[in-house]
Amino acid sequence: MAYRLDKTEYLLPATELAPALLGKFLCRNIEDEIIRLRITETECYYGEIDTACHAHKGKTPRTETLYRQGGCAYVYVCYGIHSMLNVVSGPEGFPEAVLIRGVQGYAGPGKLTKALHIDRSLNGENFSKSNKLWLEDDGYESSYKTAKRVGIEYAHPFDRDRLWRFILMEEK
DNA sequence: AAAGTGATCATG
DNA sequence: ATGATCACTTTG
């Protein structure tokens, strides 16, 4: 049996929530068809001090969602084509989030949002209350490896080299 | 290696 | 208003 994540779990810092989300189910209701896909890869973006984080230049209309209390979705469009899904984490007022970079069957953040019909209309969606998009835990025990984040060449070298990408290992 | 695509944000 | 930039994917 799988249970929806408790809203308190999203209050973890993104650095801890990112590995914790590996193996959890990303759930999406599309016209009463419910799709559940296990999360296989995440990255964390952590505060205004993280030069790879969208909020490192401060709050703007786009990044406002990042500043909310953990537990809602931050969705934006990248390269004009791809919607990116992030899980906002931590306390209100501190901008941090976990990018869902891959799920079972779909490698790549743009692919999974396309498969699940996730777009900006879901920006700000509350994972604890939503009947369209939420997360579930079925007790899956996972191990993972870390790596450098991708696609952030513009960031400070100090931030580029952080091992803030988390990848689910095949077996346990 | 580079195109393709469009929202976003800092300029003026 | 315009122009640069971008947590990507696909094609060659």
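Fair warning: this is a prediction, and the values are worked out from it, not measured in the lab. Below, read A as the first sequence line, B as the second, and so on, with proteins coming before strands; counting in each chain starts at 1.
- In this structure, the nucleotide among C/dC8, B/dC9, B/dA7 sitting nearest to the side chain of A/Cys78 is C/dC8.
- Taking 4.0 angstrom as the limit, A/Arg62 places none of its side-chain polar atoms (N or O) nearer than this to OP1 or OP2 of C/dC6.
- Here A/Lys111 lies in heavy-atom contact (under 4.0 Å) with sugar-phosphate atoms only.
- Following rounding to the nearest Å, A/Met84 (CE) and B/dA7 (P) show an atom-to-atom distance of 15 Å.
- Between the CG atom of A/Leu112 and the C1' atom of C/dC8 there is a distance of 12 Å, given to the nearest Å.
- Map A/His82 and A/Pro61 each onto its nearest nucleotide of DNA chain B; the residue landing nearer the 5' end is A/His82.
- For the side-chain contact (heavy atoms from CB on, under 4.5 Å) with A/Tyr45, the lone residue among A/Val98, A/Leu66, A/Ile152 that qualifies is A/Ile152.
- Within 4.0 Å (heavy atoms only), A/Ile152 reaches sugar-phosphate atoms of the nucleic acid but no base atom.
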### Summary
Parsed dot-bracket for DNA chain B after applying the Watson-Crick and G-U rules with both distances under 3.5 Å and | for other-strand partners is ||||.||||||.

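- Between A/Asp50 and the choices A/His56, A/Arg149, A/His156, the side-chain hydrogen bond (donor to acceptor under 3.5 Å, both in side chains) rule is met once, by A/Arg149.
- A/Arg149 comes within 4.0 angstrom of nothing in the nucleic acid, heavy atoms only.
- Rounded to whole angstrom, the span from the NE2 atom of A/His54 across to the P atom of B/dA7 amounts to 15 Å.
- Note: A/Phe127 and A/Tyr10 have parallel aromatic rings, judged against thresholds of 30 and 60 degrees for the angle between ring planes.
- Atom NZ in A/Lys114 sits roughly 7 Å away from atom P in C/dT10 (whole-Å rounding).
- Atom NZ of A/Lys57 is separated from atom C1' of B/dT11 by 13 Å (rounded to the nearest Å).
- Counting only distance, with no hydrogens or angles, the side chain of A/Thr40 and the backbone of A/Gly102 share a donor-acceptor pair below 3.5 Å.
- Counting to the nearest Å, the P atom of B/dA7 and the OH atom of A/Tyr79 are 17 Å from each other.
- Rounded to a whole Å, the CD1 atom of A/Ile118 is 16 Å from the P atom of C/dC8.
- One finds a side-chain N or O of A/Arg120 lying less than 4.0 angstrom from the OP1 or OP2 phosphate oxygen of B/dT8.
- No side-chain donor-acceptor contact under 3.5 Å links A/Arg120 to the backbone of A/Val75.
- Checked by atom type, the side-chain pair A/Glu96/A/Tyr74 shows no donor-acceptor distance below 3.5 Å.
- A salt bridge between A/Glu125 and A/Lys129 is absent, with no side-chain N of the basic residue lying under 4.0 Å from a carboxylate O of the acidic one.
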